[in-house]
Amino acid sequence: MHLSKVSIVNYRNFSNAKFLFSKGINTIIGENGSGKTNLFRAIRLLLDDSIRRSAMRLEEKDFFRGLSDWRGHWIIISLEFDEVSQDEAIQALFLHGAGNIETGTVNRATYNLIFRPKMSVRNDLSQLTLGDTTGLNHILDSLSIDDYETVITGKSSADFNNPLVYNALVGDFETVLFPSEIDESEIGARVPLILSMPREVSFTFVQALRDVVSEFHNNRTNPLLTLLKSKSGEINQAEFSPIVDQVTDLNTAIDELSDVTTVRDDIKDTINDAVGDAYSPQSLSIKSDLPDEAEQLFQSLKLFIAEADDGYEGAIHEMSLGGANLIYLTLKLLEFKYQRNNQSIANFLLIEEPEAHIHTHIQKSLFDKINYSNTQVIYSTHSSHISEASNVESINILGKVGGKYQAFQPTTGLTPSQIGCVQRYLDAVRSNLLFAKSVVLVEGDAEEILIPTLIKKVLGISLDELGISLVNIRSTGFENVALLFHEERIRKKCSIITDLDTTFFDTADVVGDTDAVKNAKKKALGSEASGLARKTALDIFCNDNSWLNPFYAPHTFEVDLIAVGNQDKFVSVLKDVYTDIATIATSTTELKSGDISVFGKRALTMATHSGKGWFAIILAKIVDHNTVIPEYILDAIIFAHGSFSDEVVFKILSYRLLKIIEDSDKQQTIVNDTLLQEEQWYTDWNIYLESRRGSISAFKLSLQAFQEGLLDINLLKDAMRTNFQNDVINPILERI
């Protein structure tokens with residue numbers, strides 16, 4: 001038997017989420033605060049025997065935080081199991097409790113926690129007439145958490161993830177329409193006391209590893225103590241009897257030490273001198289309290305480990321953080337093994353963020369090795385190394401859509417062949433796309449290196465701050481990965497950036513062309529044809545998919561980067577590309593020619609000469625806030641990110657003002673330090689810089705007014721354009 005589905009409605013950060021699981025190993029991926037811990041908590045409420053039963057009595061804070069008013073609503077946590085064992089005893093157990101009978105036997109079982117208003121409240125709601133909002137508010141205003149009950153049911157048939165089903169069972173709060181029948185059979189029958197799922201399964205939860213030393217010091221959470229306790233009851237008393245005798249003799253020997261008896265007598269005399277015989281204790285002893293019972297004796301045992309090859313065995317607190325975490329995890333796994341040996345129905349192991357403080361290679365090895373037979377393992381993780389090793393068919397991804405966190409299954413609706421392609425592509429680097437809020441796919445090293453630098457230097461914010469993961473596909477086979485972003489799979493925005501490779505010079509045959517020129521023209525035409533075919537295929541592939549959008553460089557990345565106005569940047573790196581003075585001079589002329597057929601060829605020649613990746617690194621060093629970003633790149637970033645908040649725009653403009661001030665200060669220094677110029681030269685420059693300082697002061701006031709709520713973001717953009725008309729940020733502001 002294995003857990004196949006978890007449905008969560010109105011619980012903590014989940015409004016309505018559905019998780020699908022397979023046999024064996026499963027992985028939960030999500031950013032911080034996306035609900036991985038809440039999912040595990042929901043499962044544990046129904047399956048973990050170590051959790052207090054009082055925890056099932058939920059509280060106000062457990063309701064979905066996006067509800068305008070929690071009162072009247074239900075929290076539903078529903079577990080569905082598949083492949084229930086055909087063992088007669090197990091079948092009998094489920095037939096009377098959680099099993100859904102199909103063809104005379106139970107193959108599927110449901111087990112639900114429903115936190116809902118008590119019957120009297122539901123009855124009052126059912127009496128309301130359609131649209132009676134006044135009556136509804138009167139009932140809800142009087143509700144408290146004490147008016148709620150927790151119900152555990154099985155054999156449910158309702159699709160709790162269907163909003164229409166929720167409205168039919170719970171009620172429609174907008175139209176004030178509540179069901180007349182109080183107990184709908186769809187939610188399932190109450191599970192009889194004879195069936196307690198936590199007692200019938202083997203379930204171990206390994207929490208995120210943080211402060212292992214404190215865990216070992218706490219008797220309730222010490223995994224070593226748990227293991228020793230489980231074994232203390234199995235000790236052969238005949239074997240343990242000699243130990244008891246030795247402990248007794250040792251305690252007696254300690255009691256009779258001369259120093260011990262002297263201190264005991266001195267204590268008695270001092271008390272007697274202080275309060276007299278009438279108030280002194282009748283007797284007083286100092287005795288060794290070394291336990292002679294197995295469980296108590298085991299509690300005194302400690303674990304000592306040697307991490308290095310020097311032979312020194314230290315206590316847990318002396319270990320490295322990663323080593324201590326690894327030992328803790330190992331003991332929890334052993335605890336699970338012991339527990340599993342005593343159970344027969346199903347085995348579940350939940351591990352929260354096993355990568356915490358553990359070396360990369362250990363992470364992958366750990367994931368590979370923890371694969372017990374007849375056991376379902378569910379990990380939550382932030383690690384791209386664990387996600388790389390995960391089967392993409394057994395991954396649930398948490399992401400926010402419309403302000404609500406949902407669960408995505410990345411292979412829904414894909415063919416085995418498509419799934420195989422995705423699995424091969426998702427190595428440790430590319431699997432980052434599973435963790436991102438949004439994704440930009442690029443085809444090569446140059447884009448991977450320069451696009452993040454362009455955004456950071458020009459906008460003053462990084463792709464990471466925007467929640468965008470840029471992934472280098474290292475080919476133009478985008479479809480193999482892009483198919484993940486779809487309404488049925490991962491509902492996150494994904495931009496594709498690729499080159500159209502349109503020719504930028506005359507490719508017509510000319511009499512007298514050399515073989516080299518003929519080959520260059522032929523290659524350019526071939527690239528153009530391939531680019532057009534790629535665009536046609538991608539446009540069809542992305543059609544009607546609101547999560548996916550392609551963006552095209554008109555020519556190639558390097559050509560279009562220089563074409564938008566970055567000639568000076570290319571000129572400034574010529575000495576990093578060439579050493580020959582004549583070549584540098586010729587290249588300078590070509591780059592400044594203003595003719596794309598000339599500067600485009602030189603830009604590509606420079607990239608080819610250095611290697612595209614290395615040339616991108618060279619360019620990245622001189623990219624600054626005055627570099628112009630090509631429009632297609634901006635559009636790709638904007639699609640992936642979505643609308644820019646006022647706070648982000650304010651941060652961009654604050655950064656921009658800082659850079660403008662730095663430029664003005666540098667220019668003033670140059671003017672002050674420059675000698676032997678005509679007087680008019682100094683006059684013109686000082687007039688310009690004085691005007692610049694006036695614009696800076698005016699824009700500072702605009703930024704301050706925005707912070708104080710006296711100016712909206714559009715007026716702040718207008719202030720930027722008014723004060724700094726030619727700044728490269730202004731066209732970007734029009735887009736965001």
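What's counted below: heavy atoms across the whole structure, side chains too, no hydrogens, waters or symmetry copies. We number each residue from 1, following the sequence as shown. This one's a predicted model, so the numbers in the text were calculated from it and none came from an experiment.
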**Request:** Just do the side-chain hydrogen bond (donor to acceptor under 3.5 Å, both in side chains) check on T476 and T498 with the steps written out, would you?
**Result:** CA-CA 7 Å; T476 56; T498 187; over 6 Å; no
**Asked** Is there side-chain contact between I419 and E393, with heavy atoms separated by less than 4.5 Å?
**Response** yes
**Message:** Quiz question: by atom type and distance under 3.5 Å, do the side chains of D635 and Y552 form a donor-acceptor pair?
**Reply:** no
**Message:** Against H555, only a single residue in T502, D499, L561 fulfils side-chain contact (heavy atoms from CB on, under 4.5 Å); can you say which?
**Reply:** T502
**Evaluation steps, side chain to side chain contact (heavy atoms under 4.5 Å, CB included), between F435 and E31** = CA-CA 6 Å; F435 296 88; E31 61 191 87; over 6 Å; no
**Prompt:** Per the side-chain contact (heavy atoms from CB on, under 4.5 Å) rule, which among I76, I114, V170 passes with I187?
**Reply:** I114
**Message:** Looking at L483, is its backbone amide N or carbonyl O close enough to the side chain of R489 to form a donor-acceptor pair, meaning the two atoms are under 3.5 Å apart?
**Reply:** yes
**Request:** Could you give me the CA-CA distance, side-chain angles and deciding distance for N396 and Q409, then say whether side-chain hydrogen bond (donor to acceptor under 3.5 Å, both in side chains) is met?
**Result:** CA-CA 5 Å; N396 283 266; Q409 291 77 44; 2.6 Å; yes
**Prompt:** Between L604 and T556, does a side chain to side chain contact (heavy atoms under 4.5 Å, CB included) hold up when you go through it step by step?
**Reply:** CA-CA 9 Å; L604 280 182; T556 63; 3.6 Å; yes
**Request:** Would you please test H486 and L484 for side chain to side chain contact (heavy atoms under 4.5 Å, CB included) and show each step?
**Result:** CA-CA 6 Å; H486 190 275; L484 291 173; over 6 Å; no
**Message:** Looking only at side-chain N and O atoms, does S7 offer a donor or acceptor that is under 3.5 Å from a partner on N161?
**Reply:** yes
**Asked** Is any NZ, NE, NH1 or NH2 atom of the basic residue among R474 and E443 found under 4.0 Å from an Asp or Glu carboxylate oxygen of the other?
**Response** no
**Prompt:** With distance as the sole test, does K492 use its side chain to make a donor-acceptor pair with the main-chain N or O of A436 at under 3.5 Å?
**Reply:** yes
**Item:** Test log, rule salt bridge (Lys or Arg N to Asp or Glu O under 4.0 Å), inputs R108 and E83
**Value:** CA-CA 6 Å; R108 184 176 68 89; E83 298 185 11; over 6 Å; no
**Prompt:** Does S394 use its side chain to pair, donor to acceptor, with the backbone of N26 at less than 3.5 Å?
**Reply:** no
**Request:** Take Q406 and F14 through the side chain to side chain contact (heavy atoms under 4.5 Å, CB included) test and state the conclusion after the steps.
**Result:** CA-CA 7 Å; Q406 300 178 5; F14 294 118; over 6 Å; no
**Request:** Quick one: pull up CD in E448 and CG in N472 and give me the separation to the nearest 0.5 Å.
**Result:** 4.5 Å
**Prompt:** Taking side chain as C-beta onward, heavy atoms only, is F205 less than 4.5 Å from F40?
**Reply:** yes
**Request:** Find the distance between CD1 (I540) and CD (E479) and round it off to the nearest 0.5 Å.
**Result:** 10.5 Å
**Request:** Indicate yes or no for a side-chain donor-acceptor contact from T411 to the backbone of L414 under 3.5 Å, with no hydrogens or angles considered.
**Result:** no
**Request:** Could you tell me whether the side chains of E528 and T503 share a donor-acceptor contact shorter than 3.5 Å?
**Result:** yes
**Request:** Flag the pair E465 / K456 as yes when at least one side-chain heavy-atom distance between them is below 4.5 Å, and no otherwise.
**Result:** yes
**Complete:** Interatomic distance, CD@E487 vs CG@L548, rounded to 0.5 Å, equals 13.0 Å
**Request:** For the residue pair F557 and I633, establish whether any side-chain heavy-atom pair is separated by less than 4.5 Å.
**Result:** yes
**Item:** Under 3.5 Å side-chain donor-acceptor pair for N549 and S495
**Value:** no
**Message:** One thing to verify: whether K612 and E558 come together as a salt bridge, which I'm taking to mean a side-chain N less than 4.0 angstrom from a carboxylate O.
**Reply:** yes
**Request:** Before giving the answer on ring pair (Phe, Tyr, Trp, His ring centres under 6.0 Å), spell out for F408 and F485 the whole-Å C-alpha distance, their side-chain angles and the decisive distance to 0.1 Å.
**Result:** CA-CA 10 Å; F408 315 135; F485 301 93; 9.7 Å; no
**Message:** Could you go through K36 and E352, starting from their C-alpha distance and side-chain angles, then the distance that decides it, and tell me whether this counts as salt bridge (Lys or Arg N to Asp or Glu O under 4.0 Å)?
**Reply:** CA-CA 8 Å; K36 299 185 297 297; E352 186 177 34; over 6 Å; no
**Message:** Has T608 got a side-chain atom pairing as donor or acceptor with T605's backbone, closer than 3.5 angstrom?
**Reply:** no
**Asked** Between the main-chain N or O of S156 and the side-chain N or O of T110, is there a donor-acceptor pair closer than 3.5 Å?
**Response** yes
**Short N-O contact, D501 and R534, less than 4.0 angstrom** = yes
**Request:** May I ask you to check if K5 and F19 form a cation-pi contact, with NZ or CZ under 6.0 angstrom from the six-membered ring centre and within 45° of the axis?
**Result:** no
**Asked** Is there a donor-acceptor pair closer than 3.5 Å between any side-chain N or O of Q423 and the backbone N or O of V392?
**Response** yes
**Request:** Compute whether any side-chain donor of one residue and acceptor of the other, for Y166 and N10, lie under 3.5 angstrom apart.
**Result:** yes
**Prompt:** Going by heavy atoms in the side chains, are H2 and F21 under 4.5 Å from each other?
**Reply:** no
